[in-house]
Amino acid sequence: MLDFKYETFVDNSTIHGQGRFTKEFINKGSLVLYIDGNISKNENHSYVNHSLDNNLDYIGDNKWQATRDIQFGEELTMNYLQWVKELPF
């Protein structure tokens, strides 16, 4: 189960296929996402794409926080290498 703490939407991504975008401004350090389930197998269908210039950091316990201020309409991104040993692609 995905628990986004801010309002988001899925749309076409310039990174890969579809991505998740924010409908509101998010302050740096804010808790943005909690995933209840297995995050290693990407079974959650979060639509949050991988990026080495990510704006969400994994902080443990299946939680992600904003690494910087995130603007309205900006795509949310994670560095998958923060919790997996190698990328599945």
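Numbers here simply count residues along the sequence, with the first being 1.
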query = Quick one: are Y6 and L33 in side-chain contact, heavy atoms under 4.5 Å?
reply = no
request  = Decide whether T8 and Y47 meet the rule of one side-chain donor and one side-chain acceptor closer than 3.5 Å.
outcome  = no
message = Between E75 and N49, do the side chains contain a donor N or O and an acceptor N or O under 3.5 Å apart?
response = yes
key: Within 6.0 Å of NZ in K63, more than 12 heavy atoms from elsewhere   = no
query = Charged N to carboxylate O under 4.0 angstrom, E74 versus K23?
reply = no
ask   = Looking at side-chain heavy atoms only, is the closest gap between Q65 and L56 below 4.5 Å?
value = no
query = Is the backbone of D11 close enough, under 3.5 Å, to the side chain of Q18 for a donor and an acceptor to pair up by distance?
reply = no
message = Please tell me whether F21 and L76 are part of a single hydrophobic cluster in this structure, the criterion being side-chain heavy atoms less than 4.5 Å apart.
response = no
message = Within this structure, what is the OH-CE distance for the pair Y34 and M1, rounded to the nearest 0.5 Å?
response = 7.5 Å
key: Nearest-0.5 Å distance that lies between atom CZ in R68 and atom NZ in K28   = 10.5 Å
ask   = Are the side chain of E7 and the backbone of E24 linked by a donor-acceptor contact shorter than 3.5 Å?
value = no
key: Euclidean distance, K5 NZ relative to S30 OG, rounded to 0.5 Å   = 12.0 Å
request  = Would you name the heavy atoms of S13 and G19 that are closest together and state the gap between them?
outcome  = CB-N, 3.6 Å
ask   = Taking the inter-plane angle between the rings of Y80 and H50 on a 0 to 90° scale, is it parallel (under 30°), tilted (30 to 60°) or perpendicular (over 60°)?
value = tilted
key: Side-chain heavy-atom pair I15, T77 within 4.5 angstrom cut-off   = yes
ask   = Mind checking whether I35 and D3 have side chains closer than 4.5 Å, heavy atoms only?
value = no
inquiry  = Taking the side chain as everything from C-beta on, heavy atoms only, tell me whether D69 gets closer than 4.5 Å to F25.
reply    = yes
remark   = Which of V48, D53, N55 passes side chain to side chain contact (heavy atoms under 4.5 Å, CB included) with S51? It is D53
ask   = Are any non-hydrogen side-chain atoms of V32 and I26 less than 4.5 angstrom apart?
value = yes
